[in-house]
Amino acid sequence: MTDRAARFHALHTAGQPLVLANAWDPASARIIAATGAPALATTSAGVAWALGAPDGDVLDRDRALEHLARIVRAVPDELPVTADIESGFGATPADVAETIRGVVAAGAVGVNIEDSAQVGDGVGLRDVADQQERIAAARAAAPDLYINLRIDTYFRGKPEETVARAEAYLAAGASGIFVPGVADADTIGSLAKAIAAPLNVLVQPGTPSVAELAALGVARVSLGSWIAQAAYAVARRAATEAYTTGTYTALAEGDAYDFGELNSLLS
C-alpha cells in the first residue's frame, strides 16, 4: 500500500471524522487543498455539471477519468484524493473493475460507489447480490483502494434496509459506508453503532456540527455537491441582476475570490 493510500485509510476514525470539502475541477481542488485539507474528494454531481452532463450515470467514463487525472495533478503529490464514481460507470462488475483500474491510474486512492441503479423507468436500489459482485470486482481490481460504499436507502424510502445492506457490502469488500439523506442526531448515532465500519454522512445546513457528529461516532463528513451548488448560485444571481436591474451587487454578496490571489494559486 502506498503512503498516500495508507494515510487516507488511517484518516477514517470514529470520533475524529475526516472532513471533506468536495471539489469538481482543478481550480476548486487547488483552493480546497490550500486551506490545509488532509485529503480531497470529488463530487460526482459537480464533476458532471462541469463537463456539461447531469448527475446520475450519464457522464462518459473516459471523460470522468480524464477530468479526475487533472484534479489529482492540480493538488500536492502527497495529498490523498478520493473520487466519486457514481455507480461505477458501467453495467457489469467487469465494467466497474475497468473503471477502478482507471481511477488508480489517475492517481486516486479511494472511491465512492453508490447502490442506486436504473430500475424500469426510474431509479431505485440495486439488488444486493448484484452490488456485492460489483464491490468484489472493484476490490479485486485494487486491493489497497478505500471503497466508500454509498447506500441510498434514505433517498429511496427504504431506511430499514440500511444496516443489512451495509453488512453485505462490507462482506463483499467495502472499506466504509456512506449513508446520505440522514440529518438527525439520533438516527446518525444509531447507524454509527450498528455499522461495523467507518460511517460517512453528507452534511448540509441543519445537520449537526462536525464536533457533534464526532461525538456520535461518525468517521467521515462530506459536503458533497453543496459547494458547487453555491458557486453556481452566485453565477445565476449575478447574471440575473445584470440582465434585469443592470447592477452588480451580487458580486459583492458572493465575496469574490481576489483575482491576483486566485491566479497566483493556480500558477
Side-chain angles (χ1 to χ4, degrees), residues 7-24 28-29 31-47 55 79-84 86 110-116 125 146-167 169-170 174-234 254-255:
R7 190 161 61 254
F8 187 64
H9 278 262
L11 287 170
H12 294 78
T13 304
Q16 296 179 322
L18 167 63
V19 179
L20 294 170
N22 301 68
W24 63 95
S28 60
I31 290 166
I32 291 167
T35 68
L40 183 83
T42 66
T43 158
S44 66
V47 167
D55 190 30
L79 191 71
V81 177
T82 182
D84 190 328
E86 303 189 28
V111 292
N112 277 14
I113 305 176
E114 64 191 49
D115 67 352
S116 286
L125 292 169
Y146 191 97
I147 300 176
N148 199 38
L149 216 297
R150 192 180 105 178
I151 300 177
D152 284 349
T153 44
Y154 282 85
F155 285 159
R156 307 300 171 203
K158 296 184 178 181
E160 70 280 359
E161 295 185 14
T162 305
V163 174
R165 281 181 175 263
E167 291 172 348
Y169 298 161
L170 291 169
S175 309
I177 298 297
F178 181 21
V179 184
V182 292
D184 67 282
D186 288 344
T187 301
I188 293 170
S190 295
L191 290 171
K193 289 182 176 68
I195 295 172
L199 176 66
N200 181 189
V201 297
L202 177 67
V203 298
Q204 61 187 55
T207 304
S209 69
V210 171
E212 291 168 326
L213 292 172
L216 294 171
V218 171
R220 176 165 161 173
V221 174
S222 299
L223 274 66
S225 63
W226 285 101
I227 301 176
Q229 288 173 247
Y232 290 131
V234 172
D255 191 22

(message) Pair H12, N148 - check side-chain contact (heavy atoms from CB on, under 4.5 Å), show working.
(response) CA-CA 11 Å; H12 294 78; N148 199 38; 5.6 Å; no
(message) Distance check, rounded to the nearest 0.5 Å: L223 atom CG versus L202 atom CG?
(response) 8.0 Å
(message) Please determine whether side-chain hydrogen bond (donor to acceptor under 3.5 Å, both in side chains) holds for the pair S222 and N200, giving the CA-CA distance in whole Å, both sets of side-chain angles, and the decisive distance to 0.1 Å.
(response) CA-CA 7 Å; S222 299; N200 181 189; 3.2 Å; yes
(request) Go through the steps to decide whether V201 and V179 satisfy the test side-chain contact (heavy atoms from CB on, under 4.5 Å), and finish with yes or no. (result) CA-CA 6 Å; V201 297; V179 184; 5.7 Å; no
(message) According to side-chain contact (heavy atoms from CB on, under 4.5 Å), who are the partners of T35, at least two apart in sequence or on a separate chain?
(response) A37
(message) Between S209 and E212 (side chain of the first, backbone of the second, donor and acceptor by atom type, cut-off under 3.5 Å), is there such a pair?
(response) yes
Going by atom type alone, with no hydrogens or angles, which donor-acceptor pairs under 3.5 Å involve a side-chain atom of residues 185-196 and a protein atom two or more places apart or on another chain?
unit_1: T187; atom_1: OG1; unit_2: D184; atom_2: OD1; d: 2.9
unit_1: T187; atom_1: OG1; unit_2: D184; atom_2: OD2; d: 2.7
unit_1: S190; atom_1: OG; unit_2: D186; atom_2: O; d: 3.0

(message) Just to verify, what does T82 make a side-chain hydrogen bond (donor to acceptor under 3.5 Å, both in side chains) with, not counting sequence neighbours?
(response) none
(message) My understanding is that only residues two or more places apart in sequence, or in another chain, count here; which of them pass ring pair (Phe, Tyr, Trp, His ring centres under 6.0 Å) with H9?
(response) Y146
(request) Apply ring pair (Phe, Tyr, Trp, His ring centres under 6.0 Å) to Y169 and list each qualifying residue two or more places apart in sequence or on a separate chain. (result) none
(request) State which residues pass side-chain contact (heavy atoms from CB on, under 4.5 Å) with S44; sequence neighbours excluded, sorted by chain then number. (result) D55, D84, E86
(message) Measuring only between side-chain heavy atoms, which start at C-beta, is T153 closer than 4.5 Å to L125?
(response) yes
(request) Tell me, with the steps shown, if E114 and F155 meet side-chain contact (heavy atoms from CB on, under 4.5 Å). (result) CA-CA 11 Å; E114 64 191 49; F155 285 159; over 6 Å; no
(message) Less than 4.5 Å apart, side chain to side chain, heavy atoms only: is that true for P180 and D152?
(response) yes
(request) Kindly indicate whether the side chain of L213, heavy atoms from C-beta on, has any atom under 4.5 Å from the side chain of V203. (result) yes
